[in-house]
Novice: 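Can you read through this structure? Questions will come right after.
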Amino acid sequence: MSEAATERRRAEGAPPSRAERTSGTPASGKVVPAVASAIRILRYLSTAPEPAGVSRIARDLKLNPSTCFNILRTLAAEDFVSFDPVGKTYVISWGVMDLAHGATALRGDINTIRPLMERIAHDHGVTVTLWQPISANRKVLILSAHSRSAMRIQMAMGQRLPLLIGATGRVIAAFSKLSRAELRKRFEEIRWDRPLSFEQFMAQAREAAKSGWATDEGNFATGTVSIAVPVLNDDGIAVMTATATMFTGQYDSERAAAVVADLQELAARLKYFATQ
């Protein structure tokens, strides 16, 4: 293609040709450094196993710390990353997922489910969260609601955890097509606060498959209990989980039954977002 034709295509807003894409030269003729750095930061955080601070991000990406800080501050202002003021760390936030909405399995505006989540959180004094598997070994927190209690468990959207950890992990193991070997591999990658054996984990997953819900009593985080139910697609696969997390002293069988009933109502409402 002639240079004049190429310039004409660019002026008309046409996407880059195959030759332009493979030549190593951007179609615009110039990379904007700040934009390129922001993209690198987002990609870094999307695969980071845990929240990261400015110094670590700048060091790993070989960025100027001041530049890195300013980009992160801008991304946080636009809700593409979340900042934890206690740990001074950043994680991917809902804004990034919102941009990618059309490419996910979710339909519509999932935030419409928030009032029900908040009611459950307030009624039971728990933290209610929605988790979505995003890779072969990770899940991400996509929505959360907290109780009004002064003492509560705080969880930030965008937080990423190993796929099989917690009550959500039992549910995902119970309602998935992962083989036993695949489950064992992912299980062995987890560091538990209160360790359990793979056989114990699988027994609890089998019980979750029968009952439709699972618990984690301090294995994930000492002093907490979580209850999870699956949000199933048309193939019976858990594409999301609805979870309630509380302090150990709040948990008993009567409360568990009431929380499960409300979480199952939430899961039924979420069915729309899990199917296409």
Side-chain angles (χ1 to χ4, degrees), residues 45-51 82 91-98 100-101 104-107 110-114 116-118 120-121 124 126-146 152-178 183 186-187 189-193 201 204-205 208-209 212-217 219-221 224-233 236-246 259-260 262-275:
L45 290 175
S46 73
T47 58
E50 59 188 3
S82 292
V91 295
I92 286 289
S93 186
W94 178 255
V96 171
M97 297 181 67
D98 195 38
H101 221 258
T104 70
L106 305 182
R107 302 188 305 169
I110 200 170
N111 278 288
T112 59
I113 209 72
R114 184 183 291 278
L116 177 55
M117 293 177 61
E118 291 176 343
I120 297 171
H124 300 288
V126 299
T127 296
V128 180
T129 51
L130 298 183
W131 294 86
Q132 183 183 17
I134 56 170
S135 69
N137 57 7
R138 290 277 163 183
K139 60 194 173 195
V140 65
L141 176 55
I142 62 174
L143 208 59
S144 62
H146 303 90
R152 59 188 181 183
I153 297 169
Q154 193 81 15
M155 303 183 77
M157 288 191 299
Q159 180 178 353
R160 296 156 58 87
L161 290 175
L163 186 67
L164 298 186
I165 204 165
T168 62
R170 275 86 156 180
V171 165
I172 290 170
F175 298 93
S176 74
K177 293 184 178 179
L178 293 171
L183 290 171
R186 286 161 178 73
F187 177 85
E189 295 171 349
I190 299 172
R191 293 182 180 179
W192 303 85
D193 263 14
F201 175 86
Q204 292 169 14
W213 61 283
T215 61
D216 179 291
E217 299 187 40
N219 300 112
F220 169 37
T224 69
V225 175
S226 59
I227 300 172
V229 304
V231 179
L232 305 176
N233 64 13
I237 303 299
V239 294
M240 284 187 286
T241 64
T243 305
T245 304
M246 65 197 79
V259 171
V260 167
D262 280 351
L263 288 179
Q264 288 176 335
E265 177 189 351
L266 176 61
R269 293 271 300 275
L270 285 161
K271 176 76 173 180
Y272 167 81
F273 298 98
T275 58

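Heavy-atom basis, side chains included; hydrogens, waters and symmetry copies ignored.
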Novice: Under a 3.5 Å distance rule, please check whether Arg269 uses its side chain to pair with a backbone N or O of Glu265 as donor and acceptor.
Specialist: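 The answer is no, because no donor-acceptor pair under 3.5 Å joins these two groups.
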Novice: Please examine the side chains of Ile153 and Thr224, heavy atoms only from C-beta on, and report whether any two atoms are closer than 4.5 Å.
Specialist: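 Touching, per the 4.5 Å side-chain cut-off.
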Novice: Evaluate side-chain contact (heavy atoms from CB on, under 4.5 Å) for Arg170 paired with Asn219, printing each intermediate quantity in order.
Specialist: CA-CA 12 Å; Arg170 275 86 156 180; Asn219 300 112; 3.0 Å; yes
Novice: If you round to the nearest 0.5 Å, how far is CD1 of Ile120 from CG of Leu263?
Specialist: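 One finds 5.5 Å between CG of Leu263 and CD1 of Ile120.
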Novice: Provide the closest heavy-atom pair for Arg160 versus Val140 in the form atom of the first, atom of the second, distance.
Specialist: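 Arg160 and Val140 have their closest heavy atoms at CG-CG2, 4.1 Å.
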Novice: Who are the ring pair (Phe, Tyr, Trp, His ring centres under 6.0 Å) partners of Phe201, not counting sequence neighbours?
Specialist: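 Counting only residues at least two positions away or on another chain, Phe201 forms a ring pair (Phe, Tyr, Trp, His ring centres under 6.0 Å) with Phe187.
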Novice: For Ala205 and Ala174, which heavy atoms make the closest approach, and how far apart are they?
Specialist: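 Closest approach of Ala205 to Ala174, heavy atoms only: O-CB, 3.2 Å.
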Novice: Could you tell me whether a side-chain N or O of Lys139 sits under 3.5 Å from a main-chain N or O of Trp131, the two making a donor and an acceptor?
Specialist: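 Such a contact is absent between Lys139 side chain and Trp131 backbone.
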Novice: Between CD1 of Ile134 and CG of Leu161, what distance do you get to the nearest 0.5 Å?
Specialist: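 So the gap between those two atoms works out to 10.0 Å.
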Novice: For the side chain of Lys271 and the backbone of Leu232, is there at least one donor-acceptor N/O pair under 3.5 Å apart?
Specialist: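 Looks like yes, one N/O pair under 3.5 Å.
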Novice: How far does CD1 of Ile172 sit from CD1 of Ile237, to the nearest 0.5 angstrom?
Specialist: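 Rounded to the nearest 0.5 Å, the CD1-CD1 separation comes out at 11.0 Å.
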Novice: Side chains of Pro133 and Val239, heavy atoms from C-beta outward: is any pair under 4.5 Å?
Specialist: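 Sidechains of Val239 and Pro133: no contact.
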Novice: Taking all atoms of both residues into account, what is the closest heavy-atom pair of Val128 and Met117, and its distance?
Specialist: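 Residues Val128 and Met117, closest heavy atoms: O-CE, 3.5 Å.
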Novice: Can you find a pair of side-chain heavy atoms, one from Gln159 and one from Val91, that are under 4.5 Å apart?
Specialist: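 With C-beta onward as the side chain, the pair stays apart.
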Novice: Return yes if some donor-acceptor pair links the side-chain N/O of His146 with the main-chain N/O of Met155 below 3.5 Å, else return no.
Specialist: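 Yes.
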Novice: Within the distance-only criterion (no hydrogens, no angle test), does the side chain of Ser176 pair as donor or acceptor with the backbone N or O of Leu178 below 3.5 angstrom?
Specialist: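 Yes; at least one donor-acceptor contact below 3.5 Å.
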Novice: Would you say Thr215's side chain and Ser226's backbone share a donor-acceptor pair under 3.5 angstrom?
Specialist: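 No; judged by distance alone, with no hydrogens or angles, the pair does not exist.
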Novice: Counting N and O atoms only, with roles assigned by atom type, does the side chain of Arg186 sit under 3.5 Å from a partner on the main chain of Ala136, one being a donor and the other an acceptor?
Specialist: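 Yes; judged by distance alone, with no hydrogens or angles, the pair exists.
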Novice: Could you report the tightest heavy-atom contact between Val229 and Val171, atom names first, then the distance?
Specialist: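 Taking every non-hydrogen atom into account, C-CG1, 4.1 Å.
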Novice: Using every non-hydrogen atom in the two residues, find where Asp216 and Phe220 come nearest and quote the distance to one decimal.
Specialist: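 Nearest heavy atoms, Asp216 then Phe220: OD1-N, 3.0 Å.
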Novice: Looking only at non-hydrogen atoms, find the nearest pair between Phe175 and Gly212 and report the distance.
Specialist: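 Scanning both residues completely, I find the closest heavy atoms to be CZ-CA, 4.4 Å.
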Novice: Just so I know, are the side chains of Leu183 and Leu164 near enough to count as touching, which here means a heavy-atom distance under 4.5 Å?
Specialist: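 Yes. Closest side-chain heavy atoms under 4.5 Å.
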Novice: Quick check: does any side chain N or O of Ser144 sit under 3.5 Å from a backbone N or O of Leu141, one acting as donor and the other as acceptor?
Specialist: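 Such a contact is absent between Ser144 side chain and Leu141 backbone.
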Novice: Could you give the distance from CG (Leu143) to CE (Met240), rounded to the nearest 0.5 Å?
Specialist: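 Rounded to the nearest 0.5 Å, the CG-CE separation comes to 9.5 Å.
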Novice: Just to verify, which of Thr241, Leu116, Leu130 counts as forming a side-chain contact (heavy atoms from CB on, under 4.5 Å) with Leu270?
Specialist: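 Among the candidates, only Leu130 passes.
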Novice: Apply the side-chain contact (heavy atoms from CB on, under 4.5 Å) test between Ile227 and each candidate in Val126, Val259, Asp262; give the one that qualifies.
Specialist: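 Output: one option passes, namely Val259.
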